[in-house]
2 protein chains.
Amino acid sequence: MRDHRVRNMEEFAALSGLSRPTVSKYFNDPGSVRRSTREKIEQALERYDFRPNIYAVNQNRRSTKTLGIVVPFLADPFFSEIARTIERMCIDAGFRPILFGSHGDAGVEVENLENLRVLKPAGVLMAPLGRLSDRPTIEAFCADVPTVLFDSRIEDLGEAFVGSNNEQSIGMIVEYLCRTGDAPTFFEMRTPANPNAGKRRRAYEKAMARLGFEPRIVHAEGQGWEIEEIGYREGLRALSDRLFATDTVLCSNDRLAIGLLAAAYEKGVEVGRHERCAMRVAGHDDHPYARFTCPQLTTVAQDYEAIAEMSLTSLLDRIDREERSQTTSITLFDGRLVMRESA
Amino acid sequence: MRDHRVRNMEEFAALSGLSRPTVSKYFNDPGSVRRSTREKIEQALERYDFRPNIYAVNQNRRSTKTLGIVVPFLADPFFSEIARTIERMCIDAGFRPILFGSHGDAGVEVENLENLRVLKPAGVLMAPLGRLSDRPTIEAFCADVPTVLFDSRIEDLGEAFVGSNNEQSIGMIVEYLCRTGDAPTFFEMRTPANPNAGKRRRAYEKAMARLGFEPRIVHAEGQGWEIEEIGYREGLRALSDRLFATDTVLCSNDRLAIGLLAAAYEKGVEVGRHERCAMRVAGHDDHPYARFTCPQLTTVAQDYEAIAEMSLTSLLDRIDREERSQTTSITLFDGRLVMRESA
DNA sequence: AAAAAATATTGACGCGTGTAAATTTTTTTC
DNA sequence: GAAAAAAATTTACACGCGTCAATATTTTTT
């Protein structure tokens with residue numbers, strides 16, 4: 001049991017009865033040494049619990065076996081969930097994930113990339129802020145480090161992009177809403193940070209046109225990532241001023257819908273798909289809290305797992321091939337309708 | 001502008017017209033070199049943007065200027081918020097924060113500590129899982145690395161503990177509820193992961209006794225961090241079976257309250273402090289979503305900033321003094337009553 | 001049992017920086 | 001302007017590990 005502290009690999013090799021290069025070989029790939037040798041090392045490992053100095057290791061390896069993960073906002077459950085999924089997969093793939101949240105701030109996003117640069121990661125998985133992101137910085141970063149973007153696409157950047165198929169998912173929910181009641185009015189932020197917002201609006205317009213309805217859009221004013229607050233405040237206003245043209249509202253995302261539902265409740269406007277209800281509300285993303293809104297929110301679930309897995313696979317693929325690709329491949333996953341009480 | 005890549009400090013020193021040791025001195029403390037020297041370096045820095053290799057640096061320094069932050073669950077807004085606050089403060093203090101979330105899993109928490117050990121951080125700020133945490137592992141870690149615990153206390157561990165004063169905050173809200181209506185029934189998980197839960201229950205009992213009421217407790221069955229789900233499911237059951245002895249319910253935390261409010265809504269039980277309402281519900285923590293529940297949740301706000309700042313200050317203090325303290329100092333911050341519609 | 005193949009060892013160098021001692025240069029003080 | 005103090009330079013070693021070439025040993029094949 002843990003006899004004494006082992007200073008370095010030299011000492012540990014001696015304790016194992018082996019030479020340092022052999023032990024080094026083992027740590028880089030346990031399968032590359034003879035079985036009897038491996039057993040010797042693992043036996044010693046149990047007694048002395050030695051771990052190679054990561055700083056010395058990374059100084060000499062070309063690739064550091066660390067992967068950066070950058071998300072715009074850790075407090076947003078979508079990103080904390082997806083980060084968690086990616087982290088786990090990284091570890092299973094033999095990499096060391098390191099997580100950065102940008103707090104919705106472009107300056108912090110740039111800082112995060114600078115910090116990552118210093119860490120010389122093998123690759124980076126990044127969900128950019130979107131419209132607010134400093135494109136030149138990200139471009140320069142992508143040129144130096146293999147980077148896969150997810151969730152928010154930035155035109156022509158990154159080795160690959162993985163996201164959700166807004167056209168499909170919005171089309172699907174618009175169709176559902178039209179089929180079961182009034183055609184939806186679209187509720188979105190006027191100047192959303194996330195580029196998915198624009199795609200969703202266009203998908204809404206397209207779906208409405210296809211179904212023969214006039215698209216109607218209500219814009220919420222306000223900036224930043226306090227999206228529920230904006231949905232609430234602007235929802236109150238829209239309800240007071242009767243801005244919603246129909247009794248059905250499709251929100252650009254669940255966080256906006258959460259705010260709107262709070263506003264409707266406060267106004268005494270009953271929301272739901274039943275006869276007596278005055279209004280239907282739907283969202284997009286299947287936010288973890290969508291099950292606990294009043295009423296429970298009908299929405300579209302994104303495939304977290306698939307997005308995480310595809311992002312990582314694409315990145316590891318690029319890292320393995322050790323060549324930078326000129327084109328950015330794009331993968332989009334379909335959403336799944338989640339029917340609850342609100343619409 | 002960015003003429004060419006600078007390989008190392010030797011080369012950069014030559015480009016600055018200085019010797020490497022002097023440049024090294026500058027990077028460790030810009031104030032330690034003559035002003036004219038500093039200007040030379042900063043001028044060169046603008047042209048060549050060199051940054052010392054962090055791996056080579058950390059191999060030789062005793063302390064690594066990185067600070068670990070470990071939280072039990074990044075998807076929980078309380079922790080993502082407090083992590084963000086601490087991160088910012090770390091950077092301002094000249095340290096490099098590195099964030100780990102344990103996903104509510106004791107195994108991951110242990111992994112996080114192991115990974116941190118490898119990184120040889122100057123210190124660690126940790127909110128443990130609580131009851132689920134593997135005490136021996138954390139104890140061994142605290143013995144090796146200066147660690148300050150926050151939020152969840154583990155008896156006799158860490159250089160310091162910073163948390164909230166549950167006795168004060170629960171006492172305050174119990175008093176408020178008793179003054180304005182029925183005395184509250186306490187709603188909590190039977191086997192909560194977080195040790196604050198136990199403190200809150202005892203504080204509730206104490207406050208009720210002080211005010212001359214019989215304490216009444218309803219237990220929610222269920223394990224893990226899906227607290228809203230448990231609150232919802234068990235809330236439904238409690239409402240169906242009329243388990244709440246009074247018309248006022250004080251939840252052990254906001255996440256449980258969010259679930260209970262969803263259950264009440266579904267049951268058609270009107271919640272609020274107005275005449276016509278059948279029930280009052282209060283929470284604890286001032287969760288970011290407490291403003292968007294239906295109705296908005298009356299709760300107790302914890303002082304994020306104060307907890308973050310105090311934790312970091314305590315840690316930096318211990319790091320500076322370069323000595324391990326025998327006693328763990330305890331700091332608790334008072335909560336602030338946040339009155340909204342639900343109670 | 002001998003030959004061939006696989007694996008381990010020895011010894012050495014390099015990575016980029018921290019750091020210390022001795023020396024030289026620059027700045028400050030009187 | 002000389003002496004004292006402060007700062008920079010030179011030189012050298014250390015950190016812990018990756019990696020290579022040459023050699024020795026073990027294992028597998030014939």
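This is a predicted model, so every value here is computed, not measured. Numbers restart at 1 for each chain; the letters A, B, ... are given by sequence-line order, proteins then strands.
A sub-4.0 Å separation between OP1 or OP2 of C:dG18 and a side-chain N or O of B:Ser24 is present. For the OP1/OP2 pair of C:dT7 and a distance below 4.0 Å, the side-chain nitrogens and oxygens of A:Ser32 include no atom meeting the criterion.
Closest contact between the side chain of B:Phe50 and the listed nucleotides C:dA20, C:dT17, C:dA8 involves C:dT17. Of the listed nucleotides (D:dG18, D:dG16, D:dT9), D:dG18 has the atom at the smallest distance from the side chain of A:Met9. Between C:dT9, C:dG16, D:dA8, one nucleotide has an atom nearer to the side chain of A:Thr22 than all others, and that is C:dT9. Closest contact between the side chain of A:Pro21 and the listed nucleotides C:dG16, D:dT9, C:dG11 involves C:dG11. Nearest to the side-chain atoms of A:Arg20 among the listed nucleotides D:dG18, C:dT19, C:dA8 stands D:dG18. In this structure, of C:dC15, C:dT9, D:dT9, it is C:dC15 that holds the atom nearest to the side chain of A:Gln59. Nearest to the side-chain atoms of A:Ser19 among the listed nucleotides C:dT9, C:dA8, C:dG16 stands C:dT9. The side chain of A:Val57 has D:dC17 as its nearest neighbour among D:dC17, D:dA8, C:dA8.
Atom-to-atom distance recorded for B:Leu312:CG and B:Asp92:CG is 9.5 Å, nearest 0.5 angstrom.
If you measure from atom CD1 of A:Ile41 to atom C1' of C:dT7, you get 12 Å, rounded to the nearest angstrom. Atoms NZ (A:Lys25) and C1' (D:dT19) sit 12 Å apart, rounded to a whole Å. The distance from atom CZ of A:Arg7 to atom P of D:dG16 is 8 Å, rounded to the nearest whole Å. In this entry the distance linking CG of A:Leu18 with C1' of D:dT25 reads 13 Å, nearest Å. The nearest whole Å value for the distance from the CD1 atom in B:Ile54 to the C1' atom in C:dC15 is 16 Å. Rounding to whole angstrom units, CD of residue B:Glu11 and P of C:dG16 are separated by 10 Å. Distance, A:Glu10 CD to C:dT10 C1': 11 Å, rounded to whole Å. If you take CG of B:Asn28 and C1' of C:dA20, they are 14 Å apart, rounded to a whole angstrom.
A:Asn58 comes within contact range of no nucleotide atom at all, as no heavy-atom separation falls under 4.0 Å.
Checking A:Phe27 against A:Ser36, the closest nucleotide of DNA chain D that is more toward the 5' end is the one next to A:Phe27. The nearest heavy atom of DNA chain D to A:Asn8 and to A:Arg34 marks one nucleotide each, and the one closer to the 5' end goes with A:Asn8.
Residues B:Phe12 and B:Ile41 are in side-chain contact: their nearest non-hydrogen atoms beyond the backbone lie under 4.5 Å apart. At least one side-chain heavy atom of A:Ile86 sits less than 4.5 Å from a side-chain heavy atom of A:Phe150.
Not a single donor-acceptor pair under 3.5 Å links the side chain of B:Glu159 to the backbone N or O of B:Arg318. Not one N or O on the side chain of A:Ser36 forms a donor-acceptor pair closer than 3.5 Å with the backbone of A:Arg34.
A:Tyr55 and B:Tyr55 have tilted rings, their planes meeting at an angle from 30° to 60° on a 0 to 90° scale.
When both distances must be under 3.5 Å, the Watson-Crick or G-U wobble mate of C:dT19 is D:dA12.
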